[in-house]
Structures are given as structure tokens and as C-alpha cells.
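Notes for the one structure printed next.
Within every chain, numbering begins at 1; the chains are lettered A, B, ... in the order of the sequence lines, protein sequences first and strands thereafter.
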2 protein chains.
Amino acid sequence: MLNEGAGRDPAPLFAALGDRTRLSLLTKLSDGPSRSIAGLSAGTDLTRQAVTKHLRILEAAGLVISSRVGRESQFALRPEPLEELRVYLESISHHWDDALARLRVYLDR
Amino acid sequence: MLNEGAGRDPAPLFAALGDRTRLSLLTKLSDGPSRSIAGLSAGTDLTRQAVTKHLRILEAAGLVISSRVGRESQFALRPEPLEELRVYLESISHHWDDALARLRVYLDR
DNA sequence: TAAATATGCAACCATATGGTTGCATATTTA
DNA sequence: TAAATATGCAACCATATGGTTGCATATTTA
């Protein structure tokens, strides 16, 4: 059986990524330095408050970090969890490939 | 700006993975051949109906495929979407790394 | 200092989500 | 054929989720 891994439960992380708006925010933040809430809200059809909620969810998942700079809140990407998930997905795929290989050996003999 | 990619919107896929029960089902299915609903429900503290709902969600996301065999429904993993997501996560991380590199060049000059 | 800008917080809302129970139906198996 | 097994479908429920509006507060800027 596939080891669930030493890391934390990946489900909440996937859930944090399971929203178009949040993926879009991460994409914007992957583009360069940190941005303010107003900056991230511009161009969206959502209210600033809605965007703020999404940012807090991303922050709770560890996908972004925020810091107050003057009157604005700056958000920046934290890529570590993305890497964690990448490894996790890879482990499932590999485990599946191994299982298929074993099955093939079994069928061919 | 990071290209959203030629593939479909990854948000629904992430959402499908954003649940402990569903991740656990995928893990079980990555272990080997297909299993019936009853087989997948055994050992869970959920009802068979709840597990069925999760399986249908995974199926709608393309993460598993089902086929009726006699009186039972067999479910098997479909690893392709996992690979898609892996690539997607990788692209965000890479994009971020590139942005950081550019920033560094800018600061150092 | 007064006006403008950038947030934070709370209360509310409609709908989605994760589960359950109850009952019908299709296949096997004794 | 009768009992057991494996599902499917529907109706219901409590709570989570994604958004909004309204108003207060902290910083800048003119």
C-alpha cells in the first residue's frame, strides 16, 4: 500500500487549489514580486472582500505569505507546498505504474 | 504572465482531490487492479452510498473509470489527470523561480 | 488637517458538499 | 426458485463555501 507520506495531509492543500479564482491569484503571484490586495483585485469581477477571503485561504494553506507594508497588505507566493503536491502526485502515478508492471508479469507467465 | 495551458481548467481536478476520503480511494486504487464499490467501502467508516458518491465525483473528474461486471461496479485508476496536474504545478513553480531570478539580476546590478 | 486610499471585520445569503436512511432492482449462489 | 450480495436512486439534512453589503480604522497625500 502506498505510504501516505511523512508530510501533512495533502487534501486541504488540494482543496485550496480547487478554485479558479485562487488558481488565478497564484498565477498572478507567480509572475513576480508581491502585490497588494487592491492590486490583485483589479481586473477581477469580484469585490475586494471576496479576493481577500481567497487570499486568506491560500495563506492558511501555506501557499502565500502576507505582510503589512504601510497601509497595504503585500502577498507573495510560497512555492514549497506546490512542490510537495507535485511529489505526492508523482508517487501515486509511480505506484500505479509499478502495480501495472506487476500485473503484466503475472499475466505473461 | 504564465500561460494557463492548453489543457482544461485544472481547478475542478484539484477540487476532486481536495477530500481525504477521495485521496484515500485513489491510493487504494493505485495499489493494483480495479475494485468493486463494496471492496472499496470495506474498512471505511462511511456508508457504501457515501463512498459511491465520492467515486462518481472522481469519475466525473476523469481520475477513475468504472465498468459494470456482473452485479458489481469495478473502478480503476486513470493516472493521466494526475500527470496533467503535476505538470501544471511544475509550471507555476518554474515560473516563480524565473521571476525570482530576474528580480535577483535586477537587485544585483 | 482633510480627502483619498487600502484594509479589516461582521452579518447575511444562496448554493454546494458530504453524509445518512429507506427502498427498489439486478445478479449470484445454495 | 429463494436467499444473499452488490448496486442504484431519491429525499433529506447540517454545515461549509463563495460572495455581497455596510461600516470602522489606519496610512498617505494634497
Distance check, rounded to the nearest 0.5 Å: [X] atom [atom1] versus [Y] atom [atom2]?
{"X": "B:Asp98", "Y": "B:His94", "atom1": "CG", "atom2": "NE2", "result": "8.0 Å"}
{"X": "A:Ile37", "Y": "A:His54", "atom1": "CD1", "atom2": "NE2", "result": "13.0 Å"}
{"X": "B:Arg102", "Y": "A:Asp31", "atom1": "CZ", "atom2": "CG", "result": "7.0 Å"}

Contact under 4.0 Å: [X] side-chain N or O vs [N] OP1/OP2:
{"X": "A:Thr47", "N": "D:dT20", "answer": "yes"}
{"X": "A:Ser73", "N": "C:dG8", "answer": "yes"}
{"X": "A:Ser36", "N": "C:dT7", "answer": "yes"}

Within the structure shown, what part of the strands sits under 4.0 Å from A:Arg48 by heavy-atom distance: base, sugar-phosphate, or nothing?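 The residue A:Arg48 makes base contact.
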Contact class for B:Arg22 vs. all strands (heavy atom < 4.0 Å): base, sugar-phosphate, or nothing?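 Here B:Arg22 touches the backbone only, sparing every base.
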Using C1' atoms of five pairs at each end, report the bend of the helix from C:dT1-D:dA30 to C:dA30-D:dT1 rounded to 10 degrees.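 Between the first-five-pair axis and the last-five-pair axis there is 30°.
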Taking the nucleotide of DNA chain D with the closest heavy atom to each, which residue, A:Asp19 or A:Gly70, is nearer the 5' end?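 Comparing both residues, the 5'-ward one is A:Asp19.
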Identify, between A:Ala15 and B:Gly39, the residue whose nearest nucleotide on DNA chain D lies closer to the 5' end.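 The residue closer to the strand's 5' end, by nearest nucleotide, is B:Gly39.
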Given salt bridge (Lys or Arg N to Asp or Glu O under 4.0 Å), test A:Glu84 with A:Arg8 step by step and report yes or no. CA-CA 10 Å; A:Glu84 268 181 51; A:Arg8 51 176 165 163; 3.7 Å; yes
Basic-acidic side-chain contact under 4.0 Å: A:Arg68, A:Glu72: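 No salt bridge links A:Arg68 with A:Glu72.
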Where the side chain of A:Arg86 meets the backbone of B:Leu89, is there a donor-acceptor pair that is under 3.5 Å apart?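 Flag not set: sc A:Arg86 to bb B:Leu89 has no pair under 3.5 Å.
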Check this for me: B:Arg20, atom CZ, are more than 12 non-hydrogen atoms of other residues, nucleotides or ligands nearer than 6.0 Å?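 No, not enclosed.
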Pull out every residue in residues 49-66 of chain B that has a heavy atom closer than 4.0 Å to any atom of DNA chain D, ordered by number, or say none.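 Of all residues in residues 49-66 of chain B, the ones placing a heavy atom under 4.0 Å from DNA chain D are B:Gln49, B:Thr52, B:Arg56.
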For the student: nearest non-hydrogen atoms of A:Asp19 and B:Ala11, plus distance: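 Scanning both residues completely, I find the closest heavy atoms to be C-CB, 3.8 Å.
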Please report, rounded to the nearest Å, how far the [atom2] atom of [N] is from the [atom1] atom of [X].
{"X": "A:Ile37", "N": "D:dT27", "atom1": "CD1", "atom2": "P", "value": "15 Å"}
{"X": "B:Leu46", "N": "C:dT20", "atom1": "CG", "atom2": "C1'", "value": "10 Å"}
{"X": "B:Phe75", "N": "D:dG8", "atom1": "CZ", "atom2": "C1'", "value": "11 Å"}
{"X": "B:Glu72", "N": "D:dA4", "atom1": "CD", "atom2": "C1'", "value": "14 Å"}
{"X": "A:Leu25", "N": "D:dG18", "atom1": "CG", "atom2": "P", "value": "12 Å"}

Mark yes or no for a side-chain to base donor-acceptor pair under 3.5 Å between A:Arg71 and C:dT5, with no hydrogen or angle criteria applied.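 Side chain to base: pair present.
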So, B:Ser67 and B:Gln74: side-chain donor and acceptor under 3.5 Å apart, yes or no?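 The answer is no; no qualifying pair exists.
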